[in-house]
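Down below is the structure, laid out as structure tokens.
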Amino acid sequence: MAGRRKVIELAMSEEDLAALRAIARSRTEPASRVERGRMLLAYREDPSFFAVGRALGVHHQTVQRCIERALVYGAMAALDDCPRPGKEPTITAEAKAWLVSLACRKAKDLGYPHELWTTRLLARHSREHGPAEGHACLAKLAQGTVCKILNEQEVKPHKVRYYLERRDPEFKQKMAEVLCVYREVKLIKETAAAAKQQPSDALAIVSYDEKPGIQAIATTAPDLPPEPGRHATFARDHEYKRHGTVSLLAGIDLITGQVHALVKDRHRSREFIEFLKLLDAAYPSHTAIKLILDNHSAHISKETKAWLAEQPAGRFEFTFTPKHGSWLNLIEGFFSKLARSVLRHIRVASKQELKNRIMAAMDEFNRHPVVHTWSYKLDQAA
């Protein structure tokens, strides 16, 4: 006759009981934890594996394993699976390091036509050359494994993140000079606002730049307008015809918001001088005109310097942005607005029509001028 099964005495603290009751009622805990919590509570009321198994609809051996685990590790630890050893890694740490170092090089440096790696190409290269480098474990390397190894090291060799190299050794000094001009604009506005009058016309500060390569593109078939209930957008034929490009020379008065602009086929010294003449005619003779602009060759050419030398002293003053510092020029924000609101999707029948529409846009902006304000790092200005 078989011996009577001994009852396992399971001791649990009040804190464990409270936690188990909360888990047993939970709707968010994993199902395995909820089930094991109910087993422990049911066994405490009726210490029988068979009775608990029948009540919860599980095999009595499942209940027994849970109770025995709770007896060894504690009630709360019994709710989770015991850690398993798992399979030994087949790819060594040295092989992973070799793969990551390979990913940090360009694919073209190893004879491929690709500029950057794809994970598929990197896996194939590792399978073909890894064993010869002493990493036999890479002979059957899968693309998914490559992704996992690279993700562990947070390496993404298939992507490019752009940065701006500061090639001007005097970048900070020139940036400070530009910021000082913006600080001057701020003081002029604040002084005029405090006095409740218009700013003095003794000084005009203009942010200037060129926007070259604006394409004059014509449609080869009429655009189809939207139709309620049928087509929500304009429909346009994929084919187009090019009529060349134009350049916009523009400056925005940072005190009044007035836009001064010319549209030309090119933007050489003669076009820049023509723009300066436009400014000269737009302001009274006693106004000092200060321009913020970049170091384009047309701005510092012999022709430009010769024309400036003929002007009255103090009439024009240039403040140059540093190289690769065009983001310091406020006019860039205006060009972005122009591109998004006017030039996007524009189609014209000729270059002249494009010029006319751009100048019409300038007139529209000047009817409702917007005073652009610079605030970034302005507190660093001297």
Side-chain angles (χ1 to χ4, degrees), residues 87-169 171 209-221 233 235-248 265-267 294-297 321-329 332 335-336 339-340 343-347 351 354:
K87 184 181 178 181
E88 288 293 329
T90 57
I91 300 179
T92 63
E94 292 77 10
K96 291 182 179 180
W98 179 82
L99 176 64
V100 172
S101 66
L102 185 67
C104 293
R105 300 173 61 186
K106 284 190 174 183
K108 72 181 185 69
D109 295 338
L110 298 174
Y112 292 100
H114 309 68
E115 178 72 13
L116 302 176
W117 290 108
T118 64
T119 52
R120 189 183 302 276
L121 178 63
L122 186 57
R124 190 182 74 193
H125 181 90
S126 300
R127 289 193 299 268
E128 294 175 354
H129 298 88
E133 295 290 336
H135 307 295
C137 56
L138 298 179
K140 295 183 179 180
L141 182 67
Q143 180 186 359
T145 307
V146 171
C147 296
K148 291 179 181 178
I149 294 173
L150 296 180
N151 287 338
E152 289 174 358
Q153 301 298 322
E154 296 184 355
V155 175
K156 297 178 175 60
H158 58 289
K159 292 186 176 182
V160 174
R161 181 171 63 87
Y162 288 89
Y163 73 99
L164 189 62
E165 182 182 0
R166 292 185 177 181
R167 298 180 181 175
D168 194 334
F171 188 94
D209 202 1
E210 298 94 1
K211 185 175 180 61
I214 304 175
Q215 296 191 72
I217 299 178
T219 56
T220 57
T233 66
R236 175 172 289 170
D237 189 79
H238 287 283
E239 294 187 3
Y240 56 88
K241 182 178 180 181
R242 296 181 185 272
H243 291 300
T245 60
V246 300
S247 294
L248 170 63
D265 292 334
R266 302 174 67 180
H267 57 287
D294 59 23
N295 281 278
H296 189 273
S297 58
T321 59
K323 293 179 181 178
H324 284 194
S326 60
W327 56 274
L328 284 166
N329 204 337
E332 297 297 337
F335 283 160
S336 174
R340 287 180 281 109
L343 300 180
R344 186 171 179 235
H345 302 313
I346 193 169
R347 292 295 185 266
K351 284 176 66 173
L354 179 60

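Legend: residues meeting side-chain hydrogen bond (donor to acceptor under 3.5 Å, both in side chains) with H129, ordered by chain and number and at least two apart, are H125. Under the side-chain contact (heavy atoms from CB on, under 4.5 Å) criterion, A235 pairs with L224, not counting sequence neighbours. Taking the side-chain hydrogen bond (donor to acceptor under 3.5 Å, both in side chains) definition, one finds that D265 meets it with K351, K355, sequence neighbours left out. In this view, H114 and A107, Y112, L121 satisfy the side-chain contact (heavy atoms from CB on, under 4.5 Å) rule, not counting sequence neighbours. Residues forming a salt bridge (charged side-chain N to carboxylate O under 4.0 Å, His left out) with D168 (at least two apart in sequence, or on another chain): K174. Every residue two or more places apart in sequence or in another chain was checked for a side-chain hydrogen bond (donor to acceptor under 3.5 Å, both in side chains) with R105, and none qualifies. Partners of K211 according to the salt bridge (charged side-chain N to carboxylate O under 4.0 Å, His left out) rule, which considers only residues two or more places apart in sequence or in another chain, do not exist here. Applying the salt bridge (charged side-chain N to carboxylate O under 4.0 Å, His left out) test to K106 and every residue at least two apart in sequence or in another chain returns E115. Under the rule for a side-chain contact (heavy atoms from CB on, under 4.5 Å), the partners of R340 that lie at least two apart in sequence or sit in another chain are S336, K337. Contacts of R242 classified as side-chain hydrogen bond (donor to acceptor under 3.5 Å, both in side chains), with partners at least two apart in sequence or in another chain: Q215, Y240.
Results of the side chain to side chain contact (heavy atoms under 4.5 Å, CB included) test with W117 over L150, L110, V155, V146 single out L110 as the only residue that passes.
The OG atom of S297 sits 7.5 Å away from the NE2 atom of H267 when rounded to the nearest 0.5 Å. The distance from the CG atom of N151 to the NZ atom of K156 is 6.0 Å, given to the nearest 0.5 Å. Distance check: R167 CZ to H324 NE2 gives 4.5 Å after rounding to the nearest 0.5 Å.
The heavy-atom pair separating P131 from S126 by the smallest distance is CD-O, 3.8 Å. F335 approaches D209 most closely through the heavy-atom pair CZ-O, 3.5 Å.
Of the possible polar contacts, one joining the R236 side chain to the H345 backbone as a donor-acceptor pair under 3.5 Å is found. Proximity of a side-chain donor or acceptor of N295 to a complementary backbone N or O of T321 within less than 3.5 Å is detected.
Within 6.0 Å of CZ on R127 lie more than 12 heavy atoms contributed by other residues, nucleotides or ligands. Residue E239 places its CD atom among 12 or fewer non-hydrogen atoms of other residues, nucleotides or ligands, all under 6.0 Å distant.
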Name every donor-acceptor pair, under 3.5 Å, that has one atom in a side chain of residues 89-104 and the other anywhere in the protein, sequence neighbours excluded.
residue	atom	partner	partner atom	Å
T92	OG1	A95	N	3.2
S101	OG	A97	O	3.3
S101	OG	W98	O	2.7

Would you list the atom pairs, donor with acceptor, under 3.5 Å between side chains in residues 137-145 and any protein atom, with sequence neighbours excluded?
residue	atom	partner	partner atom	Å
Q143	NE2	T119	OG1	2.8

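In this structure, I217 and R347 have side chains that are in contact, with non-hydrogen atoms separated by less than 4.5 Å. Residues D294 and N329 form no side-chain contact, since every pair of their non-hydrogen atoms from C-beta on lies 4.5 Å or further apart.
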